[in-house]
Amino acid sequence: MAQKTQTTTHKIKIKRGDLVKVIAGSSKGKQGKVLQILVDANRAIVEGANIVKKHTKPSAANPNGGIIEKEAAIHISNLALIDPKTGNTTRVGRKLNADGKIVRYAKKSGEEIK
């Protein structure tokens, strides 16, 4: 009987719409907004980072076909959130705010992340 391989999913602290910096890989140093989070694969698609060329066949949406450039997914471990106060990279923590609601905050400045 074949064994199933199981990937472990961690708590993803980056959300859609966050401003992040790529800290490893071919797009290292680039900043962009998170367009999509792929929870099962622990990956995110970042605007303007990890651009790949995709060869497409002619279709109704793209009548000529050809080569299009699009963003590919980057592993969450290669991204760092940008602190809204200082503009530097920071780790993300979670705490209860005054209303008793769990909010994310930047560990470097203590600033709450919207």
Side-chain angles (χ1 to χ4, degrees):
M1 189 191 262
Q3 262 189 335
K4 277 190 177 179
T5 56
Q6 189 176 21
T7 57
T8 57
T9 54
H10 305 286
K11 178 67 184 169
I12 296 177
K13 294 169 180 164
I14 294 171
K15 302 242 182 288
R16 196 168 145 233
D18 283 349
L19 189 63
V20 294
K21 184 175 186 177
V22 181
I23 56 172
S26 59
S27 294
K28 184 177 178 176
K30 288 190 180 171
Q31 292 183 10
K33 204 164 90 171
V34 176
L35 301 174
Q36 187 182 357
I37 298 283
L38 307 169
V39 179
D40 296 335
N42 282 333
R43 292 176 171 266
I45 296 174
V46 180
E47 190 175 39
N50 200 20
I51 302 288
V52 295
K53 290 185 170 168
K54 187 169 180 355
H55 297 256
T56 57
K57 288 172 97 173
S59 65
N62 190 4
N64 293 336
I67 302 167
I68 58 165
E69 291 189 349
K70 61 182 278 184
E71 292 97 353
I74 304 173
H75 199 271
I76 293 291
S77 65
N78 296 333
L79 300 175
L81 191 89
I82 293 176
D83 195 325
K85 194 174 190 180
T86 63
N88 296 328
T89 57
T90 182
R91 297 200 318 266
V92 181
R94 292 161 45 126
K95 65 180 178 185
L96 289 170
N97 66 359
D99 305 333
K101 194 175 176 190
I102 293 176
V103 293
R104 297 180 304 149
Y105 72 98
K107 289 213 172 179
K108 280 189 182 171
S109 66
E111 186 86 2
E112 195 174 299
I113 300 164
K114 302 292 183 254

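- Pro84 approaches Ala106 most closely through the heavy-atom pair CD-CB, 4.5 Å.
- Contact between Ile23 and Ser77 at its shortest, heavy atoms only, is CD1-O, 3.8 Å.
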**Item:** CA sep, side-chain torsions, deciding dist, call: Leu96, Ile102, side chain to side chain contact (heavy atoms under 4.5 Å, CB included)
**Value:** CA-CA 4 Å; Leu96 289 170; Ile102 293 176; 3.7 Å; yes
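- Without hydrogens or angle criteria, Lys21 side chain to Ile82 main chain gives no donor-acceptor distance under 3.5 Å.
- Residue Ile37 is grouped with residue Leu79 when hydrophobic side chains (ILVMFWY) are merged at heavy-atom distances under 4.5 angstrom, including chains of intermediate members.
- A distance of 5.0 Å separates CD in Glu69 from NZ in Lys53, rounded to the nearest 0.5 Å.
- Using a distance-only test at 3.5 Å, with no hydrogens or angles considered, no donor-acceptor pair links the side chain of Asp18 to the main chain of Val34.
- Residues Leu81 and Tyr105 fall into different hydrophobic clusters, defined by Ile, Leu, Val, Met, Phe, Trp and Tyr side chains chained together at heavy-atom separations under 4.5 Å.
- With rounding to the nearest 0.5 Å, the separation of CG in Asn62 from OG1 in Thr56 is 4.5 Å.
- Taking both residues in full, the closest heavy atoms of Ile76 and Ala44 are given as CD1-CB, 3.9 Å, listed atom of the first, atom of the second, then distance.
- For the pairing with Val92, the side-chain contact (heavy atoms from CB on, under 4.5 Å) check across Lys13, Lys15, Lys107, Lys11 returns one residue only, Lys13.
- Between Ser26 and Asn50, the shortest heavy-atom distance links the atoms OG-OD1, 4.3 Å.
- Not one N or O on the side chain of Thr90 forms a donor-acceptor pair closer than 3.5 Å with the backbone of Asp83.
- In the hydrophobic cluster analysis, where Ile, Leu, Val, Met, Phe, Trp and Tyr join through side-chain heavy atoms closer than 4.5 angstrom, Ile113 is grouped together with Ile12.
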**Request:** Start with the C-alpha gap between Gln36 and Leu38, add the side-chain angles, then the distance that decides, and say whether side chain to side chain contact (heavy atoms under 4.5 Å, CB included) holds.
**Result:** CA-CA 7 Å; Gln36 187 182 357; Leu38 307 169; 3.5 Å; yes
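- Once rounded to the nearest 0.5 Å, the distance linking CG of Asn42 with CD1 of Ile74 reads 14.0 Å.
- Shown here is Lys108, whose NZ atom has more than 12 heavy atoms of other residues, nucleotides or ligands within 6.0 Å.
- For Lys30 against Ala49, the heavy-atom pair with the smallest separation is CD-CA, 4.3 Å.
- The structure places CD of Glu111 at 9.0 Å from OG1 of Thr86, a figure rounded to the nearest 0.5 Å.
- Arg16 places a side-chain N or O within 3.5 Å of a backbone atom of Leu35 that can act as its donor or acceptor partner.
- Within the 3.5 Å criterion, the main-chain N or O of Gly48 finds a donor-acceptor partner in the side chain of Glu71.
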